[in-house]
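Single-structure report; data block below.
Note that these values count all heavy atoms, side chains included, but never hydrogens, waters or copies made by symmetry. This is a predicted model, so every value here is computed, not measured.
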Amino acid sequence: MSWGSELWDQFDNLEKHTQWGIEFVEKYTKFVKERSEIEISYAKQIRNLSKKYQPKKNSREEEESKYTFCRAFLSTLNELNDYAGQHEVIAENLTSQIIADLSRYLQELKAERKSHFHDGRKAQQHIESSWKQLESCKRRFERDCKEADRAQQYFEKMDADINVTKADVEKARQQAQMRHQMAADSKGDYSSYLQKFNQEQNEHYYTIIPNIFQKLQDMEEKRIERLGVCMKTFADVDRQVLPIVGKCLDGMTKAAESIEPKADSKQVVESYKSGFEPPGDVEFQDYGQAMKRTASDTSLTESRDGKEKPTKPKTKLWPFIKNKNKGSGPEDFSHLPPEQRRKKLQGKIDELNKDIQKEMDQRDALTKMKDVYVKNPQMGDPASVDPRLSEIGQNIEKLQAEVQKFEGWLAEVEERMPSKSDSHRRSGIYETQNSTAVSNNCAQDRESPDGSYTEEQNSETQVKANLNPNPASSTPEFDDEFDDEETLPTIGTCKALYPFDGKNEGTISVAEGELLYVIEEDKGDGWTRVRRNEDEEGYVPTSYVEVILETNAKDS
């Protein structure tokens, strides 16, 4: 249906309706803009969430990356970050394909509407002006007719009066004729203008206004069509990113499916296996028989005269005590158990070999460049490459020296690694009177004694105590169920070959050259239990002392 034919008299209502249509487009544009802002905000929050839970750059990150569930979570976070990016794409496309487009269109729409209504008002004003002129012609014709009637009546009255001169009658007659002529002229003007007005009015209501209203109708229908396109785009913008969003979700699913509980369980063994064998059986101590003790000429023996009475019960200390000292650990990883130390040393060697390969590749490239310069001097000075080649040569030598150093430590560890069948790894070492094997190995053991295990340690004291064969479980530092009812008997003596700073619970500090009583032999864990006096006893690294067992202790 046409607005021109049906709504010819609804100019004001059409003006209001088309204004409302423009306001609706503005409202829809605002709606899309707010949706875009929500997408940007959502994407930002998702990105921040992904960033918040990314592994921190520390020593723990490398440890976590070994586990499939940690890697799966990291993959999920990365996919989530990409997922956030798709919401940013939605926001960008809403802005470029709808908001910017509608903003331009609104300006055009307002200008077009203004132009049509300007033409409509102009036509309206013209027809109103013509109507006023018609009314003016009609009133003049009416007035001239009345004036002619009055002049005619006056003439007839003068003509009938015998007292009036012929001159006055003639004058009245001429006046009446003039008025009749004026009325006739006015009638002609009125008739002519009426015909003209009717033509203009017909053109106004059947041509001019319908044409303007048709343009307004076309404009309005285009506006509605444009809104429909934008609403479809609004959905399509979302649909366009669905394949990539789907890939992100597929990535998350794939990451979840890559989790391998068995592999993670095996990794725990790889991460924490110490390489030590569990302690052997504890021997029965027969307190019913008097223990013969070998007298010693040292002042230590004299200090124990008359002090054989039992002391207060002491808590049995586990030799597996976790070091609480913090630090970066020594370069040779001697603070780690053998198995972990071996893995760390091998890793370091691999890393150094990669660095050597890089340097050698660079050296080869520079050598080729130098050859080119030698053959083509115009391309460059061969001597300019020499300083860098010399520097690379020095770097390779340093790295190779480092590799040799770490390979030496690795060979040392692998030599000491216990075999499966050797449950008593060191039981025979101390059975000679002078324990020469221990003495000979002490120089190297001082730097990396078997059985010394700390999570981290400070650089001043490389060996601070202890072994933790199962750090994955929170082993208590004391086992209160084992209480000695009386003081353990001495089974020999020992001499400290090196100073030991026993800061951990269960250990005891010793000075170099100090003589002590041995009350418990090394059970294969790298620790010997010693006593200074009745109130001071604890563990020291076996490799730090020279042990002399009493004959009767060995016999028993």
* **Lys/Arg N to Asp/Glu carboxylate O, Asp82 vs Arg47, below 4.0 Å** => no
* Determine the interplanar angle of the Tyr53 and Phe73 rings, folded into 0 to 90°, and report it as parallel if under 30°, tilted if 30 to 60°, perpendicular if over 60°. => perpendicular
* Asked: Do the side-chain N and O atoms of Glu257 and Thr253 include a donor-acceptor pair separated by under 3.5 angstrom?
  -> no
* Got a salt bridge between Arg532 and Glu537, using NZ or NE/NH1/NH2 to carboxylate O under 4.0 Å? -> no
* Report yes or no: does Thr68 contribute a side-chain atom to a donor-acceptor pair with the main-chain N or O of Ile259 at less than 3.5 Å? => no
* Does a donor on one side chain and an acceptor on the other come within less than 3.5 Å for Gln267 and Asp264? -> no
* Is Val518 close to Thr493 at the side-chain level, that is, under 4.5 Å between some pair of heavy atoms? -> no
* Gln54 vs Asn78, side chain to side chain donor-acceptor pair (under 3.5 Å): CA-CA, chis, key distance, verdict -> CA-CA 9 Å; Gln54 287 280 348; Asn78 292 335; 3.1 Å; yes
* So do Ile392 and Leu366 actually touch side chain to side chain, heavy atoms under 4.5 Å? -> yes
* **Distance-only donor-acceptor check, side chains Gln357 and Asn353, under 3.5 Å** => no
* Quick one: do Lys405 and Glu402 satisfy salt bridge (Lys or Arg N to Asp or Glu O under 4.0 Å)? Show the steps, please. => CA-CA 5 Å; Lys405 180 170 68 175; Glu402 284 284 299; 3.0 Å; yes
* Okay, side chain of Thr76, backbone of Ala72: is any donor-acceptor separation there less than 3.5 Å? -> yes
* Parallel, tilted or perpendicular for Phe333 and Phe406, by the 30°/60° rule? -> tilted
* Positive for side chain to side chain donor-acceptor pair (under 3.5 Å) with Ser41, one of Lys44, Glu37, Gln45 -> Gln45
* **pair Asn93-Gln240: side-chain heavy atoms closer than 4.5 Å** => yes
* Asked: With no hydrogens and no angle check, is any side-chain donor or acceptor of Ser50 less than 3.5 Å from a backbone partner on Leu80?
  -> no
* Calculate, to the nearest 0.5 Å, the distance between atoms CG and CZ belonging to Asn395 and Arg363 respectively. => 11.0 Å
* Pair Glu64-Arg71, salt bridge (Lys or Arg N to Asp or Glu O under 4.0 Å): steps then yes or no -> CA-CA 8 Å; Glu64 287 182 355; Arg71 293 198 297 270; over 6 Å; no
* Picking from Leu515, Ile508, Thr490, what satisfies side-chain contact (heavy atoms from CB on, under 4.5 Å) with Val530? -> Ile508
* Asked: Minimum heavy-atom separation for Glu79 to Gly251, with atom names?
  -> OE2-CA, 3.6 Å
* State plainly whether the residues Lys343 and Glu270 are in salt-bridge range, i.e. N to O under 4.0 Å. => yes
* To do: With salt bridge (Lys or Arg N to Asp or Glu O under 4.0 Å) as the test, would you mind laying out the steps for Arg239 and Asp236 before giving the verdict?
  => CA-CA 5 Å; Arg239 189 174 286 108; Asp236 289 342; 3.0 Å; yes
* Give a yes or no answer on whether the side chain of Glu359 reaches the backbone of Ile356 with a donor-acceptor pair at less than 3.5 Å. => no
* Is the backbone N or O of Trp527 less than 3.5 Å from a side-chain atom of Asp525, with the two atoms forming a donor-acceptor pair by type? -> yes
* To do: Could you give me the CA-CA distance, side-chain angles and deciding distance for Lys30 and Glu34, then say whether salt bridge (Lys or Arg N to Asp or Glu O under 4.0 Å) is met?
  => CA-CA 6 Å; Lys30 187 170 182 287; Glu34 289 184 14; 2.8 Å; yes
* To the nearest 0.5 Å, what is the distance between OH (Tyr517) and CG (Asn533)? -> 10.0 Å
* If you look at every heavy atom in Ile491 and Glu521, which pair is closest and at what distance? -> CD1-N, 3.7 Å
* Under a 4.5 Å cut-off applied to non-hydrogen side-chain atoms, are Phe234 and Leu94 in contact? -> yes
* Specify the closest pair of heavy atoms between Ile90 and Glu39, including all atoms of both residues, with the distance to one decimal. => CG2-CG, 3.8 Å
* Student check: side-chain heavy atoms of Glu260 and Phe69 closer than 4.5 Å -> no
* Mutual orientation of the aromatic rings belonging to Phe31 and Tyr28 [parallel < 30°, tilted 30-60°, perpendicular > 60°] -> tilted
* CZ on Arg35 to OG1 on Thr95, rounded to 0.5 Å -> 11.0 Å
